Amino acid sequence: MNTQTTTAHTEQVEIALDDRSYGIFIGTGLLDQASSYEGIPSAASALVVTNQTVAPLYLRRLVDVLSSRYAAVHTVALPDGEVYKTWESLNLIFDALLGHGCDRKTVMFALGGGVVGDMTGFAAASYMRGVPFVQVPTTLLAQVDSSVGGKTAINHPLGKNMIGAFYQPQRVVCDLDTLQTLPVRELSAGLAEVIKYGPIADMAFLAWIEDHIGALMARDTAALAHAVKRSCEIKAWVVGQDEREAGLRAVLNFGHTFGHAIEAGMGYGHWLHGEAVGCGMVMAARLSEALGLVDRSFVDRLKALIERAGLPTVAPVLDAQDNVGRYLALMRVDKKAEAGEIKFVLIDAPGRATVRSAPDALVAEVIRASCAAT
Ligand code: NAD
Ligand code: GLY
């Protein structure tokens with residue numbers, strides 16, 4: 001490998017959180033480059049958590065590079081899919097940690113997408129009351145969002161990501177090369193979270209995505225590098241001010257209130273998280289319009305970009321008898337809901353988000369329009 005070339009393409013974004021600060025490394029060839037892991041705590045052992053899809057692609061390379069840092073590098077490959085983001089899978093990680101005699105210095109590595117990252121982070125937060133962990137995200141969604149900021153969780157049948165912890169990784173290593181093997185549907189799902197950063201924080205970035213959506217869909221490395229870096233910068237700016245979502249951080253959930261209802265209502269795994277978020281952003285933009293916060297041209301612009309990213313914008317019918325009721329019931333389980341009142345992330349001016357409730361009648365109108373839209 002040409003280290004010089006690789007190093008020249010490495011960018012770094014800092015998450016500034018006092019003694020929990022860390023770097024996000026973004027570049028090509030980083031997965032099996034020793035310098036990607038320099039400075040991470042040393043220990044006798046490491047545990048790499050991955051899944052059965054990612055393992056054959058990248059596990060050997062990560063284990064090989066880590067073997068020069070840790071005397072024992074153990075691995076566990078979980079079943080693949082959102083439907084396995086459960087207690088049962090979490091226990092497989094604990095089984096591996098305990099079975100291999102891992103101690104409280106053992107460093108955990110999450111190699112995979114957001115499902116592996118969220119579960120590994122939660123396991124790291126709770127094993128022996130906390131061991132260090134590193135995120136090595138291999139999906140676009142994980143590189144631009146889930147690996148950054150310390151939210152970790154598993155799903156409960158009654159609600160998504162309902163059981164979890166805030167727990168920051170020691171580092172995030174985003175190797176852009178891994179995105180070349182991502183299925184196209186997953187690439188699109190990741191683009192939903194990239195697009196999200198535009199309306200909530202940076203309309204110039206939204207315009208850049210509009211200009212580069214072809215290059216992003218074609219997996220052009222330079223375009224991906226910019227998209228990952230700018231997304232991480234915006235997320236770092238938000239998380240640096242509000243790590244535990246006392247307020248501001250909720251804006252990162254633009255599209256997620258409707259999106260989580262779609263995911264849970266369809267059954268986890270039918271719609272990808274990013275697909276549900278993409279459609280959910282159109283619904284949230286429509287609700288913003290219905291409340292008089294943005295005009296129709298903003299909604300149309302966002303919808304057009306989401307469609308160009310290969311994402312669905314027509315919401316699914318979740319219940320043939322009482323579709324609106326089903327959406328509302330699911331959204332009341334959202335973590336932002338207070339005393340049963342649903343809170344939405346809305347756009348109150350292009351590039352700026354706000355969190356507020358909305359009258360059920362208006363929400364119902366948006367659900368009807370979004371499910372019927374063509
Ligand atoms: P995922 O982890 O299910 O990965 C998507 C698919 O791609 C899987 O089948 C996986 O095996 C496969 N895959 C991963 N890397 C690959 C590669 N390089 N080549 C080929 N296949 C690859 O899904 P995701 O979209 O990465 O993450 C979604 C999850 O992230 C959801 O559970 C969501 O709740 C969570 N999330 C968390 C946060 C957070 O802040 N913690 C933010 C956003 C989303
Ligand atoms: N993905 C939302 C958050 O990290 O807060």
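We count ligands from 1, going down the list as the structure has it; atoms in each ligand are counted the same way. Just so it is clear, the model here is predicted, and its values are computed rather than measured.
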Q: Please indicate whether any nitrogen or oxygen in Gly114 is less than 3.5 Å from any nitrogen or oxygen in ligand 1.
A: yes
(Q) With the threshold set strictly below 4.0 angstrom, can you tell me whether any protein non-hydrogen atom sits that near atom 37 (C) of ligand 1? (A) yes
Q. Under 6.0 Å from the CZ atom of Arg332, do we count more than 12 heavy atoms belonging to anything else shown?
A. yes
Q. Of all the atoms in ligand 1, which lie at a distance below 4.0 Å from a heavy atom belonging to Asp80?
A. 8 (C), 9 (O), 10 (C), 11 (O)
Q) Linking Ile, Leu, Val, Met, Phe, Trp and Tyr by side-chain heavy atoms under 4.5 Å, what else ends up with Val83? A) Tyr84
Q) If we only count N/O pairs under 3.5 Å, is Asn51 in contact with ligand 1? A) yes
Q.
Counting only heavy atoms closer than 4.0 Å, does ligand 1 sit against the backbone of Thr152, its side chain, both, or neither?
A. neither
Q. Which part of Leu179 is near ligand 1, with near meaning a heavy atom under 4.0 Å away: side chain, backbone, both or neither?
A. neither
**Q.** Joint hydrophobic cluster, Tyr127 plus Met119, side-chain heavy atoms closer than 4.5 Å
**A.** yes
Q: Please confirm whether Lys160 comes within less than 3.5 Å of ligand 1 when only nitrogen or oxygen atoms on both sides are compared.
A: yes
Q) Which residue and non-hydrogen atom of the protein lie closest to atom 35 (C) of ligand 1, and at what distance in Å? A) Asp118 OD2, 3.4 Å
Q) At under 4.0 Å between heavy atoms, which part of Lys235 makes contact with ligand 2: side chain, backbone, both or neither? A) side chain
Q: Give the contacting part of Val239 toward ligand 2: side chain, backbone, both or neither, where contact means a heavy-atom distance below 4.0 Å.
A: neither
Q. Just which atoms of ligand 1 are under 4.0 Å from any heavy atom in Pro183?
A. 20 (C), 21 (N)
Q: May I ask you to identify the nearest protein heavy atom to atom 19 (N) of ligand 1, giving residue, atom name and distance to one decimal place in Å?
A: Thr181 OG1, 2.7 Å
